[in-house]
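Below you'll find the structure, written out as structure tokens, and then a few comments.
Numbered from 1 within each chain, the chains take letters A, B, ... in sequence-line order. What you see is a predicted model, and the numbers here were worked out from it, not measured in a lab.
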There are 2 protein chains.
Amino acid sequence: MKRVKQKIFQDYIARQGLKSTRQRDIILDAFLSSDRHLSIEELYLKLRAKHPNIGYATVYRTLKLFAESGIAREIHFGDGQTRYEHVSEGEHHDHLVCTGCGTIIEFENESIEKLQDEVAAAHNFLIKHHKLELYGLCAKCRS
Amino acid sequence: MKRVKQKIFQDYIARQGLKSTRQRDIILDAFLSSDRHLSIEELYLKLRAKHPNIGYATVYRTLKLFAESGIAREIHFGDGQTRYEHVSEGEHHDHLVCTGCGTIIEFENESIEKLQDEVAAAHNFLIKHHKLELYGLCAKCRS
DNA sequence: TTGCATGCAAAAATTTTGCAGAAGT
DNA sequence: ACTTCTGCAAAATTTTTGCATGCAA
């Protein structure tokens with residue numbers, strides 16, 4: 001999986017005439033071996049531990065590249081922190097976000113997606129992508 | 001509808017021992033007679049036209065009060081602009097967001113909500129609220 | 001060599017906060 | 001009188017940009 005995404009990114013870089021650099025490799029590695037919903041700051045801090053001279057701007061620019069290449073996606077949970085999540089080809093998932101401990105659970109539901117398509121069709125709307133987030137308390141935080 | 005919300009807000013203000021002021025009335029009026037998904041800046045600019053001396057901070061603080069009182073809700077469409085939408089008691093709706101022209105269409109779908117409850121139950125998760133947004137092109141922008 | 005990438009700092013953009021004076025209750 | 005509000009400016013956050021230098025192709 002990790003190798004696959006590294007390849008996708010390298011191919012994207014090459015195709016666009018961009019360059020493969022040490023920083024991009026480091027950031028990609030840190031991203032791929034992290035929590036699937038990392039905020040930019042979390043990733044930056046994690047990087048700083050081993051690579052104190054990597055700039056914040058480079059992290060921002062590189063994450064945008066990841067999104068462009070298709071291996072990551074920008075997400076906003078409304079807490080003022082932009083996050084990036086891992087994207088696997090052809091896969092989509094939605095989120096259960098625990099407002100107690102911040103845990104994020106992913107799920108997929110074919111029936112919901114189908115109903116979404118129906119709603120869109122009723123409005124003659126062409127869906128490109130969607131976002132479904134359920135906020136509340138996870139099992140642990142309920143007790 | 002407008003009267004109802006004004007009353008809800010006034011009651012909230014009174015209950016909290018807060019004060020009814022000219023600015024709050026003006027902002028509430030502008031909010032209630034606006035598009036249902038107004039960004040803070042849009043509302044601020046609209047206000048400035050007639051009331052040039054209202055401060056940005058007051059708009060921010062007042063919109064937060066609207067949300068606390070239950071007549072408004074903060075929403076983020078991921079474009080870096082915080083918006084507030086109108087909330088009617090017991091009513092919930094989701095959004096079709098046109099990435100072409102920015103139009104926002106509201107919809108409700110009981111079946112989707114039911115499936116969401118099932119997903120939550122399967123994870124022993126207690127839903128407080130949710131967000132469902134379908135992004136794509138509206139009928140007009142498709143042609 | 002050529003031109004993209006990096007790191008730093010400065011700039012933008014958005015939201016929050018402190019404070020003195022103004023205004024509701 | 002008392003306390004909350006307001007407007008302004010300053011501060012805090014988050015993200016973007018400019019630029020000289022570094023580095024990959």
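When each of A:Leu18 and B:Pro52 is assigned the nucleotide of DNA chain D with its nearest heavy atom, B:Pro52 is the one assigned upstream, toward the 5' end. Comparing B:Gln81 and B:Ser20, the nucleotide of DNA chain C nearest to each residue sits closer to the 5' end for B:Gln81.
Atom NZ in B:Lys46 sits 15.0 Å away from atom CD in B:Glu41 (nearest 0.5 Å). The structure places OG of B:Ser34 at 8.0 Å from CG of B:Leu47, a figure rounded to the nearest 0.5 Å. We find the CD1-CD1 distance between A:Ile112 and B:Ile112 to be 7.0 Å, quoted to the nearest 0.5 Å.
Classification of the B:Tyr60-B:Tyr56 ring pair by plane angle, with boundaries at 30° and 60°, yields tilted. Relative ring orientation between A:His37 and A:Phe77 is described as tilted, the plane-to-plane angle lying within the 30° to 60° band.
Less than 4.0 Å separates DNA chain D from at least one heavy atom of each of the following residues of residues 22-50 of chain B: B:Gln23, B:Arg24. Contacts of residues 53-66 of chain B with DNA chain C (heavy atom under 4.0 Å): B:Ala57, B:Tyr60, B:Arg61, B:Lys64.
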Using side-chain hydrogen bond (donor to acceptor under 3.5 Å, both in side chains), reason through B:His92 and B:His129 one step at a time and then give a plain yes or no. CA-CA 9 Å; B:His92 173 78; B:His129 61 279; over 6 Å; no

Carefully, step by step, assess A:Asp11 and A:Lys7 under the rule salt bridge (Lys or Arg N to Asp or Glu O under 4.0 Å). CA-CA 6 Å; A:Asp11 288 353; A:Lys7 173 118 180 39; 2.7 Å; yes

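Rounded to whole Å, atom C1' of C:dG24 lies 13 Å from atom CD of B:Gln10.
The minimum heavy-atom distance linking A:Phe31 with A:Leu43 is given by the pair N-CD1, 4.1 Å.
Atom NZ of B:Lys114 sits in a sparse spot, with 12 or fewer heavy atoms from other residues, nucleotides or ligands closer than 6.0 Å.
For DNA chain D, the span of nucleotides reached by chain A at under 4.0 Å from its heavy atoms goes, 5' to 3', from D:dT14 to D:dA25.
With salt bridges taken as basic N to acidic carboxylate O contacts below 4.0 Å, none links B:Arg36 and B:Glu85.
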